[in-house]
Amino acid sequence: MKIILASASPRRRELMRYITEDFEAVSTDCDETLPEDIEPMKASEYLAVLKAKAAAEKYPECTVIGCDTTVICGGEILGKPCDKARCIADITKLSGRTHQVVTGCCIISGGRVSSFSEVTDVTFRELTDSEIEAYADTDEPYDKAGGYGIQGLGSALISHIDGDFFNVVGLPVGRLFNELKRAV
């Protein structure tokens, strides 16, 4: 059965190739507005289900995978920064603290819907104002949840992680591989 990855993320596409080369990545067009009362730790899985269902409508004969990643610090979801000021504010919040990166995944196959969330704890080292400013001056933070990329220049901001590295990049490869085997 053909696999559809409902994601425009080049990082997810790259990581999906660790699971299989036999997939097609498609962009989904769905309303990603979160309900006001949603728990932050459930937001990624909620959005992953929306994305997967939107793609499954277009590709009903395929196995569809939807994903979404959120960064949660102190119970607050930190999205993709829209400008330098927001990036600096978010990285400042993360400085010297541990936060959670949650990737929700949804698999729809043969009419069955299954979903899960993978959580990785990421700890930033204590950053100086000049380090934060220098990172915000790069192009890297602006298309990433939480305003940093662990696989790039943002790796220098991090002291350690507890959990799946690939989950922080945007796709929990090992867990998705195993869940996909069960679903198909």
Side-chain angles (χ1 to χ4, degrees), residues 5 7-20 32 34 38-49 51 65-107 115-181:
L5 176 63
S7 177
S9 165
R11 293 168 297 280
R12 280 200 188 101
R13 291 175 185 191
E14 182 181 328
L15 294 175
M16 187 66 189
R17 287 187 187 94
Y18 293 151
I19 297 171
T20 181
E32 294 185 33
L34 290 169
I38 195 163
E39 294 177 38
M41 296 296 280
K42 297 186 183 288
S44 290
E45 194 168 333
Y46 174 87
L47 293 174
V49 171
K51 292 175 184 182
I65 301 166
C67 305
D68 190 80
T69 301
T70 53
V71 170
I72 302 167
C73 184
E76 176 188 359
I77 296 174
L78 303 181
K80 297 175 184 177
C82 56
D83 57 29
K84 184 176 178 180
R86 177 82 261 154
C87 179
I88 289 171
D90 287 350
I91 298 298
T92 299
K93 282 179 193 169
L94 297 172
S95 177
R97 296 178 69 184
T98 299
H99 63 276
Q100 288 68 47
V101 177
V102 183
T103 299
C105 295
C106 177
I107 301 168
S115 63
F116 66 90
S117 292
E118 186 71 21
V119 181
T120 302
D121 287 335
V122 179
T123 303
F124 269 38
R125 62 185 178 75
E126 198 70 46
L127 304 171
T128 65
D129 290 345
S130 61
E131 287 174 315
I132 294 169
E133 177 106 11
Y135 185 66
D137 282 338
T138 71
D139 290 335
E140 187 173 271
Y142 299 97
D143 69 337
K144 294 170 183 67
Y148 74 93
I150 193 171
Q151 73 281 10
L153 299 172
S155 61
L157 311 176
I158 296 165
S159 68
H160 63 276
I161 71 168
D162 183 15
D164 183 346
F165 169 82
F166 294 120
N167 186 56
V168 183
V169 179
L171 194 73
V173 174
R175 174 108 184 250
L176 181 58
F177 175 78
N178 288 316
E179 297 286 341
L180 200 52
K181 284 193 309 187

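Values below: every heavy atom of this structure, side chains too, minus hydrogens, waters and symmetry copies.
The minimum heavy-atom distance between G146 and I91, with the atom names listed, is O-CD1, 3.8 Å. The shortest heavy-atom contact between E45 and S117 is OE1-OG, 2.7 Å. Considering all non-hydrogen atoms of both residues, G147 and C87 come closest at O-SG, 4.2 Å. Residue K51 comes nearest to C67 through the heavy atom pair NZ-O, 3.1 Å, listed as atom of the first residue, atom of the second, then distance. In terms of heavy atoms, E126 sits closest to E131 at O-OE1, 4.2 Å. Contact record, D121 with Q100: OD1-NE2, 2.9 Å, taken as the closest heavy-atom pair.
In this structure, the side chain of E140 engages the main chain of L153 through a donor-acceptor pair within 3.5 Å. Under a 3.5 Å cut-off, the side chain of K84 and the backbone N or O of A136 do not form any donor-acceptor pair. In this structure, the side chain of T120 engages the main chain of D164 through a donor-acceptor pair within 3.5 Å. Proximity of a side-chain donor or acceptor of Y46 to a complementary backbone N or O of E32 within less than 3.5 Å is not detected. The main-chain N or O of L127 is found under 3.5 Å from a side-chain atom of S95 such that the two form a donor-acceptor pair.
In this structure, F165 places its CZ atom where more than 12 heavy-atom neighbours from other residues, nucleotides or ligands lie under 6.0 Å away.
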Walk me through whether D143 and R11 qualify under salt bridge (charged side-chain N to carboxylate O under 4.0 Å, His left out). CA-CA 11 Å; D143 69 337; R11 293 168 297 280; 3.4 Å; yes
Mind running side chain to side chain donor-acceptor pair (under 3.5 Å) on S7 and S9 for me, showing each step along the way? CA-CA 5 Å; S7 177; S9 165; 4.6 Å; no
What do the steps show when you test V101 against I150 for side-chain contact (heavy atoms from CB on, under 4.5 Å), and what is the final call? CA-CA 11 Å; V101 177; I150 193 171; over 6 Å; no
Side chain to side chain donor-acceptor pair (under 3.5 Å) between S159 and T123, intermediate numbers included: CA-CA 6 Å; S159 68; T123 303; 4.9 Å; no
For E179 and C105, what are the C-alpha separation, side-chain angles and deciding distance, and is it a side-chain contact (heavy atoms from CB on, under 4.5 Å)? CA-CA 10 Å; E179 297 286 341; C105 295; over 6 Å; no
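Atom CG in L180 sits 6.5 Å away from atom CD1 in I19 (nearest 0.5 Å). To the nearest 0.5 Å, atom CD of residue E14 and atom CZ of residue R12 are 13.0 Å apart. One finds the CD1 atom of I132 at 14.0 Å from the OH atom of Y148 (value rounded to the nearest 0.5 Å). In this structure, the separation between CD1 on I161 and NE2 on H99 is 10.0 Å, given to the nearest 0.5 Å. Distance OG1/T20 to CG/L5: 11.0 Å, rounded to 0.5 Å. Here the OH-CD1 distance, from Y135 to I88, works out to 12.5 Å after rounding to the nearest 0.5 Å.
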With a cut-off of 3.5 Å and sequence neighbours excluded, list every side-chain donor-acceptor pair involving residues 75-83.
{"from": "E76", "atom 1": "OE1", "to": "K93", "atom 2": "NZ", "distance (Å)": "3.1"}
{"from": "E76", "atom 1": "OE2", "to": "K93", "atom 2": "NZ", "distance (Å)": "3.0"}
{"from": "D83", "atom 1": "OD1", "to": "A85", "atom 2": "N", "distance (Å)": "3.3"}
{"from": "D83", "atom 1": "OD1", "to": "R86", "atom 2": "N", "distance (Å)": "2.8"}

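A side-chain N or O of N167 and one of T103 form a donor-acceptor pair less than 3.5 Å apart.
Side chains of I107 and L176 form a contact here, defined as non-hydrogen atoms less than 4.5 Å apart.
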